[in-house]
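Structure first, then comments.
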Amino acid sequence: MANYAISGVWKDSNNVITHYAIHQFSDRENTIGLATKTTKSNAISLLDNSQNSAITILWNYSTEGWNRGATISVVGSYPNKYLRTNQDGTVVDNLSNLINYGLVTNNLS
């Protein structure tokens, strides 16, 4: 079993998520690994495995560390599967509201 966290996304020109920034993490050791840019389809395959779990993580500028966000699950059926956070009424930890790394990396000079 593996635990993962998603800290951000990449979106296309239509504002549709194409990639996720996925980290391995350990609750027990309180560690989060470096992000790997993963395609939407590979992320879905990874989390479609019932042995794996994932949450969103949010950068906390005050503590300079990550805060736990919402649980992520795979919904839909093939070929229309997608990732979704639990519906808890909190917008900030939803996948589409995470850091858009495409804006960051595309605008660096």
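Numbering of residues begins at 1 and proceeds along the displayed sequence.
- One hydrophobic cluster, built from ILVMFWY side chains closer than 4.5 Å, cannot hold both Tyr82 and Ile72; they sit in different ones.
- Within the model, atoms OH of Tyr78 and CG of Asp48 stand 12.0 Å from one another, a figure rounded to the nearest 0.5 Å.
- Annotation: the span from Thr56 atom OG1 to Trp66 atom CH2 amounts to 10.5 Å, rounded to 0.5 Å.
- Not a single donor-acceptor pair under 3.5 Å links the side chain of Ser45 to the backbone N or O of Ala43.
- Here the side chain of Asn94 pairs no donor or acceptor atom with the backbone of Asn97 at under 3.5 angstrom.
- For the residue pair Asn3 and Ser53, a side-chain donor N or O sits within less than 3.5 Å of a side-chain acceptor on the partner.
- Nearest heavy atoms, His23 versus Gly33: ND1-O, 2.7 Å.
- A distance of 11.5 Å separates CZ of Arg68 from CG of Leu58, quoted to the nearest 0.5 Å.
- The minimum heavy-atom distance between Gln24 and Ala2, with the atom names listed, is NE2-CB, 4.4 Å.
- Donor-acceptor pairing under 3.5 Å is lacking for the side chains of Thr71 and Asn86.
- Ring pair Tyr101/Trp10 is tilted by interplanar angle, where 30° to 60° counts as tilted.
- The shortest side-chain heavy-atom distance between Leu47 and Tyr4 falls under the 4.5 Å cut-off.
- Judged purely by atom type and a 3.5 angstrom limit, Asn60 has no side-chain atom pairing as donor or acceptor with the backbone of Asn67.
- Here the CG-OG1 distance, from Leu34 to Thr36, works out to 7.5 Å after rounding to the nearest 0.5 Å.
- Counting heavy atoms from C-beta outward, Ile57 and Phe25 have side chains that stay 4.5 Å or more apart.
- Closest heavy-atom contact between Thr85 and Ala70: CB-CB, 3.8 Å.
- Closest approach of Val9 and Tyr20 over heavy atoms only: CG1-CD2, 3.8 Å.
- Taking the side chain as every heavy atom from C-beta outward, Ser41 and Lys81 never approach each other to under 4.5 Å.
- Between the Asn14 side chain and the Val16 main chain, no donor and acceptor come within less than 3.5 Å of each other.
- Contact check for Leu83 versus Ile6: side-chain heavy atoms found under the 4.5 Å cut-off.
- In this structure, the side chains of Thr39 and Thr18 stay at 4.5 Å or more apart for every pair of heavy atoms.
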